[in-house]
Amino acid sequence: MNDLKFVFRNFSLPVPTFDHLKHFQREYERQHNVKLTNSQVLAIMLRQHQELVAGGNCDD
């Protein structure tokens, strides 16, 4: 069983940011032959960002 807990929040994104999320989602789905929710896509993007920051490859 999955031990992860989830937090549910409503929030807004600027249209260009949402468009970026949807582009990422469509490319990821095409490459991996899966269907993802917006929440799953955001989790993947944030995990990838964390990995970049932890690896010292990001100036943020």
Side-chain angles (χ1 to χ4, degrees):
M1 177 172 256
N2 192 343
D3 292 335
L4 292 177
K5 294 181 181 181
F6 293 87
V7 176
F8 294 88
R9 297 286 185 265
N10 289 322
F11 60 92
S12 61
L13 298 171
V15 171
T17 303
F18 182 75
D19 289 344
H20 179 68
L21 181 137
K22 296 307 285 185
H23 175 75
F24 181 96
Q25 180 182 34
R26 290 179 187 113
E27 283 299 308
Y28 191 97
E29 288 176 345
R30 185 184 60 76
Q31 290 175 10
H32 300 276
N33 197 31
V34 296
K35 281 295 198 186
L36 300 172
T37 65
N38 290 341
S39 294
Q40 290 170 315
V41 172
L42 186 55
I44 291 167
M45 293 174 85
L46 290 170
R47 185 181 66 241
Q48 288 180 355
H49 178 75
Q50 283 178 310
E51 291 169 359
L52 283 173
V53 170
N57 296 328
C58 186
D59 293 338
D60 289 343

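Just so we're clear, the structure is a prediction, and the values are computed from it rather than from any experiment.
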Would you say [Y] ends up clustered with [X] if hydrophobic residues are merged whenever their side chains have heavy atoms under 4.5 Å apart, either directly or through other cluster members?
{"X": "Phe6", "Y": "Leu36", "value": "no"}
{"X": "Val53", "Y": "Ile44", "value": "no"}
{"X": "Val15", "Y": "Phe11", "value": "no"}

Please list all pairs meeting side-chain hydrogen bond (donor to acceptor under 3.5 Å, both in side chains) that have one or both residues in residues 35-46, counting only residues at least two apart or in different chains.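 The answer is Lys22-Asn38, Thr37-Gln40.
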Does anything in residues 12-21 pair up under side-chain hydrogen bond (donor to acceptor under 3.5 Å, both in side chains), and if so which pairs, sequence neighbours excluded?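 Qualifying pairs: none.
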For atom NE2 of His32, is the number of surrounding heavy atoms from other residues, nucleotides or ligands below 6.0 Å larger than 12?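 Yes, NE2 of His32 has more than 12 neighbouring heavy atoms, counting only those of other groups under 6.0 Å.
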Are Phe24 and Val41 packed together at the side-chain level, in the sense that at least one heavy-atom pair is separated by less than 4.5 angstrom?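 Yes. Closest side-chain heavy atoms under 4.5 Å.
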Can you list everything that forms a side chain to side chain donor-acceptor pair (under 3.5 Å) with Arg30? Sequence neighbours excluded, please.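 With sequence neighbours excluded, Arg30 shows a side chain to side chain donor-acceptor pair (under 3.5 Å) to Glu27, given in chain and number order.
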